[in-house]
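Reading through the structure tokens given below for one structure.
Because the structure is a prediction, the values reported are computed rather than measured.
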Amino acid sequence: MSGPVPVSPLQAPEDDASLEQANQIFWSSLLRHIQAEMRGPVESILDVGCHYGGLLEKLAGLLRPESLTGIEPSDRSRERALFRLRKLAPKVTLLPPERWGEVQTSSVSILTCHEVLHLVEDLPDLFYHIARVLRPEGTAFVVAGCHTENP
């Protein structure tokens with residue numbers, strides 16, 4: 001199970017622009033949970049469905065990792081995220097889902113996946129990759145169903 005993790009098409013561009021604003025309250029809650037769980041330095045963070053990098057930006061500001069990685073199907077979103085995140089960690093990598101295999105095994109300290117599960121066509125493959133890339137002491141924060149609009 002090392003192939004691509006296909007996702008359904010993203011919402012309309014006008015919806016894209018409002019995603020970050022709509023998620024602020026949920027991201028704040030998630031950040032509090034992450035902060036409460038972390039013991040010691042965080043070397044690497046991976047966000048599945050990173051969109052424009054908003055959650056990764058907040059995580060970088062809070063935890064100061066050496067490495068930020070985003071998995072995002074949209075070329076346009078990855079470009080915007082890379083521009084936004086490029087100076088927030090020594091190593092910043094944005095990949096499409098079909099390049100999950102490039103993330104080193106046991107290399108991720110914290111993995112986030114916020115409001116993305118309903119877009120993923122192959123959930124077993126997604127969770128295979130999550131388990132593969134997490135360090136033995138790593139933690140995954142997978143959030144689904146925060147918004148009533150989500151299926």
Side-chain angles (χ1 to χ4, degrees), residues 1-2 4-7 10-11 13 15-120 123 125-147 150:
M1 299 188 91
S2 61
V5 179
V7 294
L10 293 175
Q11 37 291 37
D15 292 336
D16 262 5
S18 65
L19 278 176
E20 284 194 24
Q21 185 60 36
N23 280 313
Q24 293 302 314
I25 190 167
F26 303 112
W27 288 351
S28 294
S29 177
L30 178 59
L31 291 170
R32 285 192 299 274
H33 286 288
I34 291 171
Q35 205 168 18
E37 292 288 325
M38 292 302 90
R39 307 285 182 252
V42 172
E43 292 181 30
S44 59
I45 300 171
L46 185 148
D47 186 26
V48 178
C50 69
H51 196 245
Y52 297 155
L55 180 55
L56 275 172
E57 179 180 45
K58 290 185 177 300
L59 287 163
L62 180 68
L63 301 170
R64 307 280 185 229
E66 290 293 312
S67 170
L68 292 172
T69 303
I71 303 290
E72 171 58 47
S74 164
D75 294 338
R76 179 179 59 107
S77 295
R78 282 194 316 275
E79 288 170 11
R80 286 183 67 172
L82 183 59
F83 182 78
R84 177 186 213 165
L85 302 169
R86 70 191 188 283
K87 295 181 182 176
L88 298 181
K91 181 179 179 190
V92 177
T93 306
L94 283 292
L95 300 170
E98 59 272 12
R99 291 178 53 197
W100 255 105
E102 294 178 29
V103 180
Q104 273 190 328
T105 299
S106 300
S107 65
V108 174
S109 305
I110 293 178
L111 183 140
T112 56
C113 180
H114 190 268
E115 297 281 344
V116 173
L117 294 181
H118 66 284
L119 300 171
V120 177
L123 287 174
D125 198 46
L126 171 67
F127 283 98
Y128 162 79
H129 283 291
I130 289 172
R132 181 184 65 77
V133 302
L134 274 177
R135 292 178 176 194
E137 73 284 359
T139 306
F141 295 87
V142 179
V143 179
C146 286
H147 300 292
N150 279 354

Nearest 0.5 Å, what's the [atom1]-[atom2] distance between [X] and [Y]?
X	Y	atom1	atom2	value
L30	K58	CG	NZ	11.5 Å
F127	L117	CZ	CG	5.0 Å
T69	K91	OG1	NZ	6.0 Å
Q35	L62	CD	CG	4.5 Å
M38	T139	CE	OG1	4.0 Å
L85	T93	CG	OG1	10.5 Å

Counting only heavy atoms not in R86, do more than 12 sit closer than 6.0 Å to its CZ atom?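 Counting neighbours around CZ of R86, more than 12 heavy atoms of other residues, nucleotides or ligands fall under 6.0 Å, so yes.
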Checking the side chain of R78 only, and the main-chain atoms of E72 only, is there a donor and an acceptor separated by less than 3.5 Å?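 Side chain of R78 to backbone of E72: a pair is present.
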Quick one: closest heavy-atom pair of [X] and [Y], and the distance?
X	Y	result
G53	R84	C-NH1, 3.8 Å
V108	S44	CA-OG, 3.1 Å
A89	S67	CB-N, 4.3 Å
I45	P65	CD1-CG, 3.7 Å
E43	S109	N-OG, 3.3 Å
V133	L111	CG2-CD1, 4.0 Å

Going through the checks in order, is the side chain to side chain contact (heavy atoms under 4.5 Å, CB included) test met by L56 and L88? CA-CA 9 Å; L56 275 172; L88 298 181; over 6 Å; no
Out of V48, L46, L55, which residue meets the side-chain contact (heavy atoms from CB on, under 4.5 Å) rule with C113?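 The side-chain contact (heavy atoms from CB on, under 4.5 Å) with C113 is passed solely by V48 among V48, L46, L55.
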Beyond-backbone contact of [X] with [Y], side-chain heavy atoms, under 4.5 angstrom:
X	Y	value
L94	F83	no
L68	L59	no
H129	V103	no
W100	L95	no

Partners of E137 by side-chain hydrogen bond (donor to acceptor under 3.5 Å, both in side chains), sequence neighbours excluded?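 Here no residue qualifies.
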Carefully, step by step, assess T112 and I34 under the rule side chain to side chain contact (heavy atoms under 4.5 Å, CB included). CA-CA 10 Å; T112 56; I34 291 171; 3.9 Å; yes
